[in-house]
Amino acid sequence: MADRYPFREIEEKWQRLWDERQQFRVTEDRSRPKFYCLEMFPYPSGRIHMGHVRVYAIGDLLARYKWMRGYNVLHPMGWDAFGLPAENAAIDNGVHPAIWTSENIDYMRLQLKKMGTSYDWEREVTTCDPAYYKWEQLIFIKMLERGLAYRRRSRVNWCPSCQTVLANEQVEDGRCWRCESEVTPKDIDGWFFKITAYAEELLAWCDRLPGWPERVLTMQRNWIGKSEGAEFDLPIAGRPDLKIRVFTTRPDTVFGMTYAVLAPEHPLVDQVVTPAERAAVEAFRAEVARESEMERTAADRPKRGLRLAAMAVNPFDGAEIPLFIADYVLMGYGTGAIMAVPGEDQRDWDFARRQGLPIIETVERPAGWTGEAYTGDGVKINSGFLDGLTIAEAKRKAIDWLVERGVGEARVNYRLRDWGISRQRYWGAPIPVLYCERCGIVPEAEDRLPVVLPRDVQLSGKGGSPLASAPEFVNARCPRCGGAARRETDTMDTFVESSWYFLRYCSPRYEGGMVDTPAADYWMPVDQYIGGIEHAVLHLLYARFYTKVLRDLGLTKVDEPFTALLSQGMVIKDGAKMSKSKGNVVSDDFIREKYGADTGRLFELFAAPPEKDLEWNDQGIEGASRFLNRVWRFTTSHLGELAEAPRTPAAAATDAGRAFRRVIHETVRRVTDDLERDFGFNTAIAAIMELVNALAVFEAGAGAVSGDAGRERAALLREAVETVILLLGPFCPHIAEELWSQLGHPESVFRQRWPQADPAALVRAEVTLVVQVDGRVRSRVVVEAGAAEERVRQLALADERVQPWLASRRVERVVVVPSRLVNIVTRA
RNA sequence: GCCGGGGUGGCGAAACUGGCAGACGCACGAGACUUAAAAUCUUGUGGCCGCAAGGCCGUGCGGGUUCGACUCCCGCCCCCGGCACCA
């Protein structure tokens, strides 16, 4: 394709000028409203591709738009620079992770600049910088003091390929979120953040984030998984020293329990087994333990269990009921033990049927109901003092009964587990604690932070924390007693760094603490956050939690970090998300070289609404390119006429002029609406395209080039062209700047005010109404705006194309919708 | 199973609060310019019938409400995403 506008030169030129003018540097300025616009910072994996471009194009568009609307816009960028790929590259190619990372950052920073992004690079942060993670270590110590960070041995998700532990959020379908290896269970010591302490608040705020997409909030609610019910004790017959604590969401069904179940790993099992059954119990446990989490939790397989000799007692009626261990009860949820109510729980029903256990119905079934377990609403039956109540009433009364006797209580359970943050890898922030023989676990002294990640460490990828093999790191003095101590050799999950970087941007070079409070108070919260849906329950949940911790530590006043969230869809090629590992990457360099940065941005913003996935299409980008070339050609070929045109057009005198001016201002209104209301980038661009189409038609049609008509024509062309350029600016900043300057404006487009629709120009003298007969369009009539209903009705009825449809029919009524349509309803 | 989001031309998509379905773009057809091609410009393009004027059908399926339904209600089907032996 030939004859492209000179995008290479103008993109270089304007990037240089923005840089020289420090156009996007910001400071706190209380005279203007602030707008904090943030895109999720990238992991410096190597190269920016069209998947990245989508996020950054959206962020840049919003930032530039808000500039033009008069906001003081904070639009920063940085690097999520710790992480496994760097370490793996080091193992494979012998490059140090620090070198690999910093080279990637240098290249990607350049790519982002070439995209034409409006970042304040003075605020760039890099998470692997000790000056950054120092503050994270300090917060870790504060969390340790408050019991929000703690160490324990637990069964964790182990990724055999990454050779490290994963948090629950980082396992998808039993596989590692990063490398898709199957995760295996492992018992290991590690550090945890007590996110469960904030479960209720995290959940409650899901209802107070109207700027978030519903799907993300739903995912977070599901993940937190609140369930309300009761917890109580089942005594064990003949063993006054023992009782089984169970959790249920259906305390109303206690009279329907016909057996009880312990998870196979439940500690009580050892105390109740008889010597005779020990061997069988051990065999059963071994069988269950052999299975992977995935196999065990597959819902459709038969439930297996083993009956124990001991009997449990239903505290409500004193009935002795059999006690089982079974694979369908999990140690990790609730109390690891349940009362089983087969009448109203399908899982219990399945198990009871297999084991030949009795089933009691405690809720009246609707007439004609033929299912298995019944979970619907109804009246309580066979339930002693609960008979006749509704389920809700019975729940309350059963809990009251438990409380009065001191054997149980109302109880809320969450699915959310504490966040395991220990990673058995090198390229991460050191956890700032030491193990002293005398003092035990001791945090590093605050004035000795940061605990710097040592440079020279053997990386084998063979397992075990690499830092353990660095004696000069491991061997240290106890900050408390001065004796010999061993440093923690695990590093922190890299999601910890990304849980607070948005705060650091507020005062990135501040040395007095994690954040300079006045700066944070000015900028926070992030007004618009933009990033991929894949972080719905990872980063976005962690960042919310961490913000609440920082708030409780007095570092920020905000309850939530992100007021509004835009979860943009993935960029798909050949049916898969664009990623290096899939080999389906369309490089930003390639597109930029061939079409220019503005074209790449325009295409991605135009091709689909931002929340939807976007199928990459080589032909689509040609369309975006054609459009920008049209704008370029039109403007540059009319420069002379436009330069001489009056700058403030009077109200147009001719009909064609008035109509055209209405299109101009209608476009301003549409584009502004689309941007303000619902991220309608694609429709905003469509509106600008329509204006350019109308511009060409007007130019070709309005032939006069001299006299009053000529002046009107020139003034309107100028107004239209300038409007196009201003509206296009946030989408395609380079071409907009260049054309704006060629039109003789010395100031940047982004120092201009966003155009405002002139209400006078929007007024229509006459409107076209659709005329329907019985709901079908039969004609159109033109009437003066605001015409009386009666007049419209007369015109419609008299219309020659309507008449035939009324012949031999009686007009029953005429519906007139002002400025829209007339519907004539007839009857035979 | 529960929760959330969807289903509109050959394709990506529009349609504000119930008021002209398919804007804008891609692809494709025809024409102009050209020795020719590319680029560019003009023009056509939901389906069926028709020379045309025009008519009929059409937003996953079946009903309903309404003068009027892509939009609201009821009942289904399918797709995508999340959660899931979570008691």
Side-chain angles (χ1 to χ4, degrees), chain A residues 1-4 172 213-227 229 246-250 253 261 263 296-303 326-330 332-341 344-348 350-351 375 413-415 533-534 536-537 603 606-609 611-624 626-627 629-630 633 670 673-674 677-678 680 682-690 692-693 696 700 768-780 801 804 812-826:
Chain A
M1 200 203 273
D3 291 341
R4 290 220 168 95
E172 296 163 357
E214 199 50 44
R215 59 174 170 162
V216 175
L217 294 172
T218 301
M219 283 189 226
Q220 294 217 349
R221 287 189 192 105
N222 283 345
W223 190 260
I224 295 167
K226 181 178 184 173
S227 65
V246 295
F247 173 72
T248 179
T249 54
R250 290 293 302 275
T253 63
V261 187
R296 184 168 168 190
T297 55
D300 49 353
R301 45 168 252 163
K303 298 161 181 42
D327 60 355
Y328 80 100
V329 175
L330 308 174
Y333 186 80
T335 59
I338 62 158
M339 66 166 195
V341 185
E344 278 88 33
D345 183 289
Q346 188 61 42
R347 295 157 299 180
D348 296 343
D350 293 340
F351 189 78
T375 55
N413 254 313
Y414 298 92
R415 208 190 70 94
I533 186 73
E534 64 272 22
V537 283
F603 170 67
F606 177 64
E611 323 80 43
K612 285 192 73 169
D613 286 350
L614 163 64
E615 177 76 35
W616 180 262
N617 176 352
D618 288 326
Q619 279 144 4
I621 195 160
E622 294 280 353
R626 267 202 283 271
F627 170 69
N629 277 297
R630 280 185 83 193
R633 242 180 294 119
R670 285 170 66 190
D673 265 17
D674 283 343
R677 216 177 33 227
D678 56 357
N682 54 334
T683 46
I685 293 167
I688 301 173
M689 287 173 167
E690 284 182 66
V692 172
N693 292 345
T768 304
L769 300 186
V770 165
V771 183
Q772 298 180 332
V773 178
D774 296 318
R776 288 160 186 274
V777 180
R778 297 302 181 191
S779 183
R780 269 156 246 269
R801 271 179 298 189
E812 195 170 74
R813 62 186 277 211
V814 179
V815 181
V816 178
V817 182
S819 320
R820 284 204 184 265
L821 58 67
V822 183
N823 189 14
I824 300 165
V825 185
T826 71

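In what follows, chains carry the letters A, B, and so on, assigned in the order in which the sequence lines appear, proteins first and then strands, with residues in each chain numbered from 1.
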Ignoring backbone atoms, test whether [X] places a side-chain nitrogen or oxygen under 4.0 Å from the OP1 or OP2 oxygen of [N].
X      : N     : answer
A/N222 : B/C2  : no
A/S227 : B/A87 : yes
A/R626 : B/C41 : no
A/K612 : B/G12 : no
A/N693 : B/G25 : yes

Which value, in whole Å, describes the distance between the [atom1] atoms of nucleotides [N] and [M]?
N     : M     : atom1 : result
B/C26 : B/U35 : P     : 28 Å
B/C61 : B/A69 : P     : 15 Å
B/U71 : B/U17 : C1'   : 10 Å
B/A53 : B/U45 : P     : 11 Å
B/A21 : B/G55 : P     : 13 Å

Exercise. Can you name the nearest heavy-atom pair linking A/Y414 to A/Y333, along with the distance?
Worked result: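 Here A/Y414 and A/Y333 meet closest at O-CE1, 3.8 Å.
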Problem set entry | A/E690 and A/R670 ion-paired at < 4.0 Å |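 Answer for the salt bridge query: yes.
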With sugar-phosphate meaning primed atoms plus P, OP1 and OP2, does [X] contact a base, only sugar-phosphate, or nothing at under 4.0 Å between heavy atoms?
X      : value
A/G623 : sugar-phosphate
A/R221 : nothing
A/P213 : nothing
A/R776 : sugar-phosphate
A/V770 : base
A/Q772 : base
A/R670 : nothing

I want to verify a distance call: between [options], whose nearest atom is closest to the [X] side chain?
X      : options             : result
A/M219 : B/A14, B/C20, B/G81 : B/G81
A/R347 : B/C24, B/C85, B/A84 : B/C85
A/F606 : B/C24, B/C41, B/A87 : B/C24
A/R415 : B/C86, B/C24, B/C16 : B/C86
A/N617 : B/A13, B/G19, B/C26 : B/C26
A/D327 : B/C24, B/C85, B/A87 : B/C85
A/D345 : B/A87, B/G68, B/C24 : B/A87
A/P609 : B/A14, B/G19, B/A23 : B/A14
A/T218 : B/A87, B/G4, B/C67  : B/G4
A/R813 : B/C85, B/A13, B/C67 : B/C67

Tell me which nucleotide, if any, is Watson-Crick or G-U wobble paired with [N] when both distances must be under 3.5 Å.
N     : value
B/U34 : none
B/G68 : none
B/G81 : B/C3
B/G44 : B/C28

Exercise. Can you find a pair of side-chain heavy atoms, one from A/I338 and one from A/D348, that are under 4.5 Å apart?
Worked result: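 The answer is yes, as the side chains (C-beta and beyond) meet within the 4.5 Å cut-off.
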Exercise. Are side-chain heavy atoms of A/D774 and A/R776 found at a separation under 4.5 Å?
Worked result: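 Sidechains of A/R776 and A/D774: no contact.
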For this session: Report the distance from atom CD of A/E690 to atom C1' of B/A15, rounded to the nearest whole Å.
Result: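 After rounding, the gap between these two atoms is 12 Å.
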Problem set entry | Inter-residue atom distance A/R215.CZ - A/Q220.CD, 0.5 Å rounding |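 Nearest 0.5 Å value for the CZ-CD distance: 13.0 Å.
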For this session: Determine whether any donor atom in the side chain of A/N823 lies under 3.5 Å from an acceptor atom in the base of B/C67, or the reverse, and answer yes or no.
Result: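 It does, because a donor-acceptor pair links the side chain of A/N823 to the base of B/C67 below 3.5 Å.
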For this session: Please assess A/D674 against A/T683 for the test side-chain hydrogen bond (donor to acceptor under 3.5 Å, both in side chains), listing each intermediate value before the final yes or no.
Result: CA-CA 7 Å; A/D674 283 343; A/T683 46; 3.0 Å; yes
Exercise. When syn is taken as a glycosidic angle within 90 degrees of 0, is B/G60 syn or anti?
Worked result: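 Anti conformation here, the glycosidic angle of B/G60 being more than 90° from 0.
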